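Throughout, numbering of the chain's residues begins at 1 and tracks the sequence. Counting starts at 1 for both ligands and their atoms, in listed order. Everything numeric in this text was worked out from a predicted model, so none of it was measured. Only this structure's heavy atoms are used, side chains among them; waters, hydrogens and symmetry mates stay out.
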Amino acid sequence: MQPDHDVVIVGAGFGGMGAAIEFRRLGIDNIAILEREDDLGGTWHVNHYPGLAVDIASVTYSYSFAPNPYWSRMFAPGTELKRYAEHIADTYDLKRHMEFGTIVESAEWDDAEQLWQVITSDGAVRTTRYLVTATGFLSQPHTPDLPGMDSFAGSVLHTAAWDDGHDLTGERVAIIGTGATAVQLIPEIAERADELTVFQRTPIWVVPKLDFPIPATVQRLFATVPLTQRAARLVSTSLLELLMVVGVLHYKQAKPGNKAAALLAKAHLRRQVRDPDTRRKLTPSYDFGCKRPTFSNTYFAAFNQPHVTLQTSPIARVEADRIVTADGTETVVDTLVLATGFDLWDTNFPAIRIIGLQGRDLGRWWRDNRFQAYEGITVPRFPNLLSLNSPYSYSGLSYFTTIESQMKHIRRLFGELRRRDTSTFEVTDAANDAFLAQVTDDLQSSVFYTGNCASARSYYFNQHGEAALLRPNSTLTTLREMDRFPLDAYTYR
Ligand code: NAP
């Protein structure tokens with residue numbers, strides 16, 4: 001049976017577009033990119049809260065094969081990332097593959113026909129030889145289930161569903177959460193609101209952000225002599241790599257590196273916040289790197305302002321016009337901002353229902369066993385599935401490293417399919433088990449298992465207490481392994 005498509009990609013963010021570019025390079029053109037939102041760009045389409053910017057230098061946070069010489073700043077604002085996504089879609093002629101407002105609910109492997117049946121929310125079924133899930137890690141917004149939340153009569157804004165028309169000027173605003181999103185948003189709200197109360201459960205490590213506008217002359221230099229931008233990328237990527245590999249992954253061997261990063265963050269806090277009590281509240285009690293650290297020059301300073309209050313007593317309940325904390329403090333609120341992040345381990349992994357061979361349900365199997373995926377991309381009993389946002393797939397700090405390493409994996413795997421003149425692949429249990437054993441072993445040196453992460457409440461850890469998100473090796477190793485994985489890691493039919 002001829003399927004409707006050669007490839008269905010779920011998600012039109014940078015991950016899905018990277019996969020589509022790779023399939024096009026392989027000469028595969030019958031691709032459908034199904035996207036639940038009304039436009040492309042993934043995270044950078046969905047998120048548009050004030051202050052949104054990339055916090056990995058833009059020369060690094062972009063495809064290495066499609067540099068953008070015209071980033072306006074060292075860390076570009078979100079709108080430029082969205083424009084870059086559109087530019088990529090145009091350059092690689094991807095828009096004609098995209099279908100927006102198409103919600104994929106489930107996919108089931110049909111072993112008799114050797115294809116996937118993909119079911120969308122309108123009940124339609126389409127078939128595809130290969131299924132690629134590129135649904136992101138941080139794509140299912142988390143809304144806290146606070147007592148009395150339903151009774152709140154004011155406005156509620158989740159950062160992942162920002163209402164651009166809502167002017168916070170003159171309002172009494174409460175924000176719940178102090179993750180990377182809140183770090184960008186709080187200084188912006190503080191500029192507008194009459195009163196801002198920040199409800200913090202866990203403080204976050206924040207280091208200075210070396211941010212500045214990129215002069216037009218430098219942009220022209222990057223455009224005319226691309227080697228100069230490649231050199232800038234090399235420097236920025238190397239610094240991030242150092243932070244990740246030394247500070248986080250080799251904590252056991254290089255504890256002073258991790259401690260130095262924490263000292264830098266503490267010095268930053270001391271320089272920016274005058275009140276010692278506020279400083280104490282903003283100081284994490286877990287090791288640097290247990291939770292994703294952030295970069296900001298304006299976050300800490302926002303707490304010096306008289307109309308900004310840091311509330312660390314736990315939220316007891318929400319009432320029609322206020323939040324009441326465990327210590328009895330009542331804060332009257334016009335607008336409640338939820339910077340409460342995303343649900344990774346309960347509603348993601350995978351974001352859709354996926355049924356493989358012998359009825360294996362990927363979500364259930366991951367939860368009943370350990371979260372796992374060979375090289376962070378394929379899973380036994382799921383033939384012809386490339387699950388881009390899998391356990392242990394995230395390599396390095398810039399998501400683009402993960403994307404490009406997975407593009408390499410696709411290239412090598414499909415090269416072998418072609419050489420053998422076959423069309424179905426499945427990773428072997430042996431290869432998958434060996435990879436899981438390797439990452440488990442490598443993680444033992446990381447801050448996650450050797451450091452003090454007990455109080456971090458980090459999304460790097462899953463419900464079993466395993467740090468199953470990050471791939472514990474350098475990005476160079478990841479890129480090399482994706483280029484050289486043993487071809488007998490797969491069976492071919
Ligand atoms: P997050 O890091 O998961 O932070 C969520 C915050 O909400 C945490 O402070 C959490 O507290 C708090 N929270 C959740 N439920 C709560 C509850 N019931 N009561 C009180 N507090 C609650 O989410 P995020 O800030 O959206 O960031 C997610 C990730 O997005 C980042 O780590 C980063 O990877 C990415 N991001 C990147 C950029 C960028 O510039 N590249 C910008 C923003 C975000 P606990 O810590 O106590 O759970």
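Remark: Phe100 CZ to Glu35 CD distance equals 7.0 Å, nearest 0.5 Å. Once rounded to the nearest 0.5 Å, the distance linking CZ of Arg370 with NE2 of His464 reads 9.5 Å.
In this structure, ligand 1 sits under 4.0 Å from heavy atoms belonging to Tyr49, Ala53, Val54, Asp55, Leu138, His142, Pro144, Ile176, Gly177, Thr178, Gly179, Ala180, Thr181, Gln184, Arg201, Thr202, Lys291, Arg292, Ala339, Thr340, Gly341, Phe342, Arg457, Tyr459.
Residues Asp39 and Lys82 are paired through a salt bridge, judged by an N-O separation under 4.0 Å between the basic side chain and the carboxylate. Between Glu375 and Arg471, at least one side-chain N (NZ, or NE/NH1/NH2) sits under 4.0 Å from a carboxylate O, which counts as a salt bridge.
In this structure, the salt bridge (charged side-chain N to carboxylate O under 4.0 Å, His left out) partners of Arg280, at least two apart in sequence or on a different chain, are Asp277.
In summary, the aromatic rings of Phe14 and Tyr399 are positioned with their centroids too far apart to meet the 6.0 Å limit.
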